[in-house]
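Each remark here refers to the structure printed beneath this line.
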Amino acid sequence: MLDPKLLRADLDATAARLAVKGYTLDVARFQAMDASRKALQADMEALQNERKLGSKEVGALMKAGDTAGAEAQKAKMSAIGDKLDSAKAQFDALAEELNQWMMEIPNLPHPSVPEGQDENDNQELRVVGTKPEFDFEPVDHVTLAENMGGVDFEKAVAVSGSRFAVLAGQVARLHRALAQFMLDTHTQEHGYQEAYVPYLVQSQALLGTGQLPKFEEDLFKTDSDHYLIPTAEVPLTNLVRDSIVEDLPQQWVAHTPCFRSEAGSYGRDTRGMFRQHQFDKVELVWLTRPEQSWEALETLVSHAEAILKKLGLHYRVVNLCGGDLGFGAAKTYDIEVWLPGQQNFREISSCSNTEDFQARRMQARTRNEQGKPEYLHSLNGSGLAVGRCLIAVLENYQLADGRVAVPEVLQPYMGGLTHIG
RNA sequence: GGAGAAGUGGGUGAGUGGCUGAAACCACACCCCUGCUAAGGGUGCAAGCUGUAACAGGCUUCGAGGGUUCGAAUCCCUCCUUCUCCGCCA
């Protein structure tokens, strides 16, 4: 959520910044709502004050033995009470309307975010490594994994429908090895605290991180009013909701499945396991003091990159343009890995600083140097998407005979195996 | 799932209808005293909204939501959570 003060103090400038993100702020509507909010609040508070003082008067009159006076005063206060009830009802209704409207306004982009409409306008920052050379025609992960009996899409369809996969044998093991390797690297080399978190969360957690109220259609919901997490960012970031945290920064890592209904993306990436309703991800979350978050974003990206470097995968880092930025992000770096099966760079990690956008929704605060509470900053990034990383390893390490070499760093997690298939 | 107890400020914890936004203690900050250390004394210290040049002032908030009342942390109802005991269970 944006700082309401920003809207009151600098409405036009704020609208201009939101426009970079492709969001049109309804300036007139805000001004109208805020003006009546102010008037209603003043009315209501005046009545509350009148009642408070008048009610004390009742007590004083009774103590003085003036029963008749007290009764008369009671009657007067009763009338004030009725007026107050209606003033309060009006105020509450408007405050709720304003709040709902505010909850659907995206975060402001950082000044370093390039302008642009979509992913074509993203800014490539660096390309790391080189494309693997093959002296044969490389195939995609579907062909590779199916040929070694490591994936079965038909069985998955039979069990769960489209956009699910069943992994088997050494491919399933490689998938597990990747997650373990990532978790170990982040906890042992990058200073993260490992967490095991709930996969089912309540709506308020999703409101906190910004998936709700706007993006309900992307989520799976249970009939017990829980939602399946679309990312571990939700439970991890909400670890500090409704609290004042003084020991910052905190770095959390968790390996979880993620569930996305991907409404609106039918027809995209239908082949293979690139886009699934369920996938595993190792998620990194930072909670920082406000002045630390931009440096933390650079560090966070470097941690995600470290995994790709250790795996020897070719990738690039892009700075998302305004139009491609997510709802809560002030700035996002996507990491895209090279997939020989698609002859393309594809997203494998997304690292964002939300500044105080999520913190304000969660009421997550720290204390500044004067000891005053202020919203902390939250960041999140994939370190990495495990399923997509599996695809990358299979396709980049494929051999002419259909087998796949196991990257050296993964071999300890594979019982020393150097090849699968 | 059954029975009982409890939810108050950063923490512990008083408070059963107006004098309580809330005692006391701890933590924290500043000051004083004390030649280290330890200890002692004083002051301040919830948040949000509103308001002010800045103070002041006003309103809200004692798990959540309803209700009773002129007035609710305090009484009533519903819900949630935590703890203890029992049952069940990976």
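Proteins come first, then strands; the chains are lettered A, B, ... in the order of their sequence lines, and each starts at number 1.
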Between [N] and [M], how far is it from one [atom1] atom to the other, in whole Å?
N: B/rC26; M: B/rG67; atom1: P; answer: 42 Å
N: B/rA90; M: B/rG11; atom1: P; answer: 38 Å
N: B/rU68; M: B/rA14; atom1: P; answer: 32 Å
N: B/rA54; M: B/rU43; atom1: C1'; answer: 23 Å
N: B/rA27; M: B/rU12; atom1: C1'; answer: 10 Å
N: B/rC86; M: B/rC45; atom1: C1'; answer: 46 Å
N: B/rC32; M: B/rU20; atom1: C1'; answer: 32 Å
N: B/rA29; M: B/rU34; atom1: P; answer: 22 Å

Rounding to an integer number of Å, can you tell me how far [X] [atom1] sits from [N] [atom2]?
X: A/Glu50; N: B/rG71; atom1: CD; atom2: P; result: 13 Å
X: A/Arg241; N: B/rU81; atom1: CZ; atom2: C1'; result: 15 Å
X: A/Asp66; N: B/rC70; atom1: CG; atom2: P; result: 17 Å
X: A/Lys56; N: B/rA72; atom1: NZ; atom2: P; result: 12 Å
X: A/Asn368; N: B/rC28; atom1: CG; atom2: C1'; result: 14 Å
X: A/Leu84; N: B/rA72; atom1: CG; atom2: C1'; result: 15 Å
X: A/Asp82; N: B/rU68; atom1: CG; atom2: P; result: 11 Å
X: A/Asp92; N: B/rC59; atom1: CG; atom2: P; result: 17 Å

Applying a 4.0 Å non-hydrogen cut-off, can you work out what [X] is touching in the nucleic acid: base, sugar-phosphate, or nothing?
X: A/Arg360; value: nothing
X: A/Met44; value: nothing
X: A/Gln73; value: nothing

- Heavy atoms only: give me the nearest A/Asp12-A/Val27 pair and the separation to one decimal.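 Nearest heavy atoms, A/Asp12 then A/Val27: OD1-CG1, 4.4 Å.
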Is the phosphate of [N], meaning OP1 or OP2, less than 4.0 Å from a side-chain N or O of [X]?
X: A/Lys38; N: B/rG51; value: yes
X: A/Arg51; N: B/rG18; value: no
X: A/Lys52; N: B/rC59; value: yes
X: A/Asn49; N: B/rC59; value: yes

With rounding to the nearest 0.5 Å, note down the distance linking [atom1] in [X] to [atom2] in [Y].
X: A/His110; Y: A/Asn353; atom1: NE2; atom2: CG; answer: 8.0 Å
X: A/Gln398; Y: A/Met148; atom1: CD; atom2: CE; answer: 9.0 Å
X: A/Phe259; Y: A/His277; atom1: CZ; atom2: NE2; answer: 12.0 Å

- Charged N to carboxylate O under 4.0 angstrom, A/Arg271 versus A/Asp140?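 Salt bridge flag = yes for A/Asp140 with A/Arg271.
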- Query: Between A/Arg37 and A/Asp34, does at least one N-O distance fall below 4.0 Å, as a salt bridge requires?
  - Reply: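 Result for this pair is yes, salt bridge flagged.
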Tell me which nucleotide, if any, is Watson-Crick or G-U wobble paired with [N] when both distances must be under 3.5 Å.
N: B/rU74; result: none
N: B/rA46; result: B/rU61
N: B/rU84; result: B/rA3
N: B/rG17; result: none
N: B/rA22; result: none
N: B/rU68; result: none

Of the candidate nucleotides [options], which contains the atom at the shortest distance from the side chain of [X]?
X: A/Ile244; options: B/rC70, B/rC19, B/rG10; value: B/rG10
X: A/Glu45; options: B/rC49, B/rA47, B/rG18; value: B/rC49
X: A/Ser55; options: B/rG48, B/rC49, B/rG18; value: B/rG18
X: A/Met62; options: B/rC70, B/rC49, B/rG10; value: B/rC70
X: A/Gln48; options: B/rG10, B/rU50, B/rU60; value: B/rU60
X: A/Gln41; options: B/rC70, B/rC49, B/rC19; value: B/rC49

- Query: Parallel, tilted or perpendicular: which describes the rings of A/His303 and A/Trp286, with under 30° parallel and over 60° perpendicular?
  - Reply: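 Ring orientation of A/His303 relative to A/Trp286: parallel.
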- Task: Flag yes if more than 12 heavy atoms outside A/Lys221 fall under 6.0 Å of its NZ atom; otherwise flag no.
- Result: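 More than 12 heavy atoms, drawn from other residues, nucleotides or ligands, come within 6.0 Å of this atom.
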- RNA chain B: A/Arg37 or A/Gly54, which has the more 5' nearest nucleotide?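 The answer here is A/Arg37.
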- Specify the residue among A/Arg367 and A/Glu57 whose closest nucleotide of RNA chain B lies further upstream toward the 5′ end.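 Result of the comparison: A/Arg367.
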